[in-house]
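Encoded as structure tokens, the structure appears first; notes follow it.
Heavy-atom basis, side chains included; hydrogens, waters and symmetry copies ignored. Numbers restart at 1 for each chain; the letters A, B, ... are given by sequence-line order, proteins then strands.
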Amino acid sequence: MIEHLIESGTSKAMHDLYGATVDERLIQIQKTRQEFEGDYTLVVFPLLRTSRKGPEQTADELGKYLVDFLPEVVDFNVIKGFLNLTVSDVYLHSFFVENKNSAYFGRKKAGTDEPVVVEYSAPNTNKPLHLGHVRNNLLGWSVSEILKASGRNAVKVNLVNDRGIHICKSMLAWQKWGQGKTPESEAIKGDKLVGDYYVKFDKAYKKEIAKLVESGMGKDDAALQAPLIIEAKEMLKKWEQGETETRDLWQKMNSWVYDGFDVTYNRMGIDFEKVYYESETYLLGKKLVNDGLEKGVLFQKEDGSVWCDLSDEGLDEKLLLRPDGTSVYMTQDIGTAQLRYDDYHPSEMIYVVGNEQNYHFDVLKIIMKKLGKEWAENIHHLNYGMVELPEGKMKSREGTVVDADDLMDEMVETARKTTEELGKFGDFSAEESGLLYEMLGLGALKYFILKVDPKRTMLFNPKESLDFNGNTGPFIQYTHARIKSVLRKAESQKIDFRNESKNLNPLQSKEKNLIKILHDFPQTIQQAAENLSPALVANFAYELAKEYNQFYHEFPMLKETDETLRASRLALSEFVANTIKTAMGLLGIAVPERM
RNA sequence: GGCCCCGUAGUUCAACGGAUAGAAUAAGGGUUUCCUAAACCUUAGAUACAGGUUCGAUUCCUGUCGGGGCUACCA
């Protein structure tokens, strides 16, 4: 790539001109800002110490050297300490010709070496997926696809939290008040049905606590002694003992939830190569903890509970087994990590989990290392920010949770309304328009979420429907459809633009800009993979679409009489459309042929 | 209390320590006998505050103020 050429050219120049080898990091290449002439800019300030000359003079000398030395660099100008270099049309044009028909442009073939295992989604089986899961799911899926496109061997896995006291709560509530209702009998998604009983439990439990407090009991005691919670704990014990009736109920209700999740996952377009269940890993976790106890890495308290002392790391003690021997969240994660390591021997284990769990993952890593697992070094927590509502954090108790299915429904409905208001495509069949609305609604949602830097807390306002204009998914989808429409017309006019080999020289500024942006795509994917940030890909797609729309507005294609120009512009358009499709594909967003 | 993260136009988001802080929306003004106006052009609008480091700070350091998270025998 051209940046590397300039970099190594500069390095050589520094050596030849000033007789010194400079640190690579001092050579800073960036894209020249629009308001200046040139394509790439070298910042010379860091090099002054070596050149022992003023910024202008150093830049001037380097500029002359680079123009002489690199055929790709044809001109330069110096403004203050900035050396602006102009890249030759020949270079850009050959890049264009070489890559325009490549189906894999920008991507590498996914690797086959030691995998990067990406865990994401990680739902509980006691309630439906909500907006928080949506960000998690989209991020995890997209990061995995970006890693693959960057040449890594990424594997997507899910970890279902299918056991524990919270699951027993919904089971108990259903047993008590469910009257044998099923998703079929109620015509409701299984995850929703189970979630309802979880809520019912919580309400009844709260009532019991209130009653006990009224009768003079302390709040904490009441929470422990309410009959419902005692019953739930007993159920958990029965579950751990493998009691048939409890296990059957558990299996039945979990399978309802999985059916519901599958519907949501499918619609969202996300998938997993492997699904882990905590019910299958917690025993391994317990075993590892007991091993650690034997080795003396962990310690036991008088009541029988097992702990890890983290004071040498400046942290507290961490409970790993309760006095009754049952496991906690951390115990399960220890088991899951070990199992996953045994399964894949990954070069890296990425956990896509919200930043509220930073502490948990710090501790997990430390404990694994204490247990002698060297590979714990490869655990990486991709901690993304929360999705907040205007009134703050989502709270299920206050009913402010945005349900994932409802959200998708609303987006698709907005897509329908918007399209109808614009009066487009009366010739679409019901099926075609249904598919289009789905594509646009989900495109708007996915882009809205993925364009934000994963690390940042983001805001979602359910009262305002997401925009379809401006920096949005539909804008980019529209650009793609628009190009496809022109290409269809060109084809029907028998214009052969794909085999055009003549030159596009001299490049108009908009054409040059487009090619420069396209030229960046492979690096953008690498960068997005390094930073685990789909936002970089989203921003790229937007920039490309925006630049294309300006080009589209300014330059006619089908009406262009110069056949060479016409063919070249059509080929450039197709290149843009394909690249948009690839970039959006990495975000899990489909692009339509017409809209 | 301790630890961690975050404060950028009215609003939602950008900006490897680099040039005059970019977009989008919302507000004002324009462009359709022309390949899709979900577009394009245009006007106005922001780095919480105070120090420090640096040739250069939205970015790094310190403090103040403001917001969020963690600090569970929940996950």
Side-chain angles (χ1 to χ4, degrees), chain A residues 25 28-30 32-36 41 43-46 48 55 79-82 84 122-124 126 161 163-167 278 303 305 307 314-316 318-324 326-330 332-333 353-360 362 383 385-386 388 392-393 415 418-419 421-422 424-425 440 444 448 451-453 455-461 464 466-479 481-490 493 527 531 535-536 538-539 542-543 545-546 548-550 552-560 569-570 573 594-595:
Chain A
R25 284 168 299 182
Q28 298 172 14
I29 315 278
Q30 52 195 250
T32 303
R33 300 180 64 141
Q34 277 298 326
E35 58 265 37
F36 300 105
T41 296
V43 184
V44 300
F45 290 108
L48 300 183
I79 294 171
K80 293 195 263 178
F82 299 90
N84 300 323
N124 291 351
N126 63 341
N161 186 265
R163 63 165 294 280
I165 189 76
H166 52 295
I167 312 293
E278 290 203 339
D303 62 2
S305 58
W307 299 72
L315 301 171
D316 265 343
K318 178 74 194 173
L319 176 94
L320 296 176
L321 287 178
R322 298 189 185 100
D324 64 1
T326 55
S327 64
V328 294
Y329 179 37
M330 185 61 79
Q332 286 144 207
D333 256 4
V353 181
N355 61 15
E356 59 194 346
Q357 292 194 38
N358 284 355
Y359 181 75
H360 173 80
D362 288 347
N383 58 102
M386 302 282 95
E388 282 189 356
K393 203 186 173 186
T418 309
T419 306
E421 273 164 24
L422 288 168
K424 293 214 170 193
F425 301 120
L440 296 178
F448 176 81
K451 77 169 187 196
V452 181
D453 182 335
K455 294 217 175 325
R456 287 180 61 118
T457 303
M458 63 178 292
L459 192 114
F460 177 84
N461 188 345
E464 294 171 15
L466 294 186
D467 239 306
F468 281 53
N469 301 323
N471 188 357
T472 66
F475 168 80
I476 299 168
Q477 291 170 314
Y478 171 75
T479 308
R482 198 181 211 193
I483 295 172
K484 286 303 183 133
S485 165
V486 177
L487 296 180
R488 273 192 303 274
K489 289 201 171 132
Q493 290 174 28
Q527 224 174 26
N531 296 315
L536 299 178
N539 289 342
Y542 174 65
E543 207 188 318
K546 187 169 171 57
Y548 182 83
N549 277 319
Q550 290 169 11
Y552 180 95
H553 192 256
E554 206 167 317
F555 299 100
M557 283 176 277
L558 298 176
K559 296 221 163 58
E560 175 59 55
R569 285 179 187 161
L570 287 166
S573 298
R594 298 173 64 192
M595 70 179 269

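- Across B/U53 and B/U58, the matching P atoms stand 16 Å from one another, rounded to whole Å.
- The side chain of A/Ile165 approaches B/C74 more closely than any other nucleotide in the set B/U71, B/C74, B/U12.
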Report task. Given side chain to side chain donor-acceptor pair (under 3.5 Å), test A/Ser573 with A/Tyr552 step by step and report yes or no. Result -> CA-CA 9 Å; A/Ser573 298; A/Tyr552 180 95; over 6 Å; no
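- Between A/Phe460 and A/Phe448, the ring planes lie perpendicular to each other; the angle is over 60°, past the 30° to 60° tilted range.
- For A/Arg482 and B/A37, the shortest distance from a side-chain N or O to OP1 or OP2 is below 4.0 Å.
- Note on A/Val43: a base of the nucleic acid sits closer than 4.0 angstrom, heavy atoms only.
- For the pair A/Tyr542 OH and B/A14 C1', the computed distance is 11 Å after rounding to whole Å.
- Of the listed nucleotides (B/U25, B/A19, B/A23), B/U25 has the atom at the smallest distance from the side chain of A/Asn469.
- Distance check on atom C1': B/C6 versus B/U47 gives 14 Å, rounded to whole Å.
- No contact: A/Lys455 has no heavy atom under 4.0 Å from any strand.
- In the set B/U25, B/C35, B/A38, the nucleotide with an atom closest to the side chain of A/Asp467 is B/U25.
- Here B/C73 presents its P atom at 6 Å from CH2 of A/Trp307, a figure rounded to the nearest Å.
- Residue A/Arg456 places at least one side-chain N or O closer than 4.0 Å to OP1 or OP2 of B/A14.
- Distances shown here put every side-chain N or O of A/Lys318 at or beyond 4.0 Å from the OP1 or OP2 atom of B/A72.
- Among B/U12, B/A19, B/C35, the nucleotide with an atom closest to any side-chain atom of A/Lys80 is B/A19.
- Looking at the side chain of A/Arg594, the nearest of the listed nucleotides B/U36, B/C13, B/A38 is B/U36.
- Partner assigned to B/C49 is B/G63, using Watson-Crick or G-U wobble distances below 3.5 angstrom.
- Across the strands present, B/G22 finds its partner in B/C13; the criterion is a Watson-Crick or G-U wobble pair with both atom distances under 3.5 angstrom.
- For A/Phe448, the side-chain atoms get nearest to B/U12 when compared with the rest of B/C40, B/C13, B/U12.
- The side chain of A/Ser305 places no N or O atom within less than 4.0 Å of a non-bridging phosphate oxygen (OP1 or OP2) of B/C73.
- Both geometric conditions, a ring-centre gap below 5.5 Å and a plane tilt below 30°, are fulfilled for A/Phe45 over the base of B/G18.
- Remark: C1' of B/A24 and CG of A/Asn539 are 12 Å apart, rounded to the nearest angstrom.
- The phosphate of B/G22 (OP1 or OP2) has a side-chain N or O of A/Arg33 nearer than 4.0 angstrom.
- You can call A/Phe36 stacked on the base of B/A19; the centres are under 5.5 Å apart and the planes sit within 30°.
- For A/Asn358, whose side chain is taken as the heavy atoms from C-beta onward, the closest listed nucleotide among B/C70, B/C4, B/C16 is B/C4.
- The residue A/Asp324 sits apart from the nucleic acid: no heavy atom pair falls under 4.0 Å.
- Using a 4.0 Å heavy-atom criterion, one finds that A/Asp333 contacts no nucleic acid atom at all.
- The base of B/A19 lies close enough to the side chain of A/Asn84 for a donor and an acceptor atom to sit less than 3.5 Å apart.
- Stacking here means ring centres nearer than 5.5 Å and ring planes tilted less than 30 degrees, and by that measure A/Phe82 stacks onto B/A19.
- Regarding contacts with the backbone of B/C41, a side-chain N or O of A/Gln550 is found under 4.0 angstrom from either OP1 or OP2.
- Listed candidates were B/G18, B/U71, B/C41. Nearest to the side chain of A/Gln28 is B/G18.
- For B/A75, the OP1/OP2 oxygens have no side-chain nitrogen or oxygen of A/Arg163 closer than 4.0 Å.
- Nucleotides B/A50 and B/A44 have their C1' atoms positioned 30 Å apart, rounded to a whole Å.
- Regarding A/Glu554, its CD atom lies at a distance of 15 Å from the C1' atom of B/C35, rounded to whole Å.
- Mapped onto RNA chain B by nearest heavy atom, A/Gln357 and A/His553 fall at different nucleotides, with A/His553 at the one closer to the 5' end.
- One N or O donor and one acceptor, one from the side chain of A/Thr41 and one from the base of B/A19, sit under 3.5 Å apart.
- Residue A/Arg25 places no side-chain N or O under 4.0 Å from the OP1 or OP2 atom of B/G17.
- Comparing atom distances between the A/Glu388 side chain and each of B/C40, B/G68, B/A38 picks out B/G68 as nearest.
- Nucleotide B/A39: paired with B/U31 (Watson-Crick or G-U wobble, both distances less than 3.5 Å).
- Here the side chain of A/Tyr478 is nearest to one of B/U71, B/A37, B/C73, namely B/A37.
- Here, B/A14 and B/A21 have their C1' atoms 10 Å apart, quoted to the whole Å.
- Between A/Lys489 and B/U36 there is a side-chain N or O to OP1 or OP2 distance below 4.0 Å.
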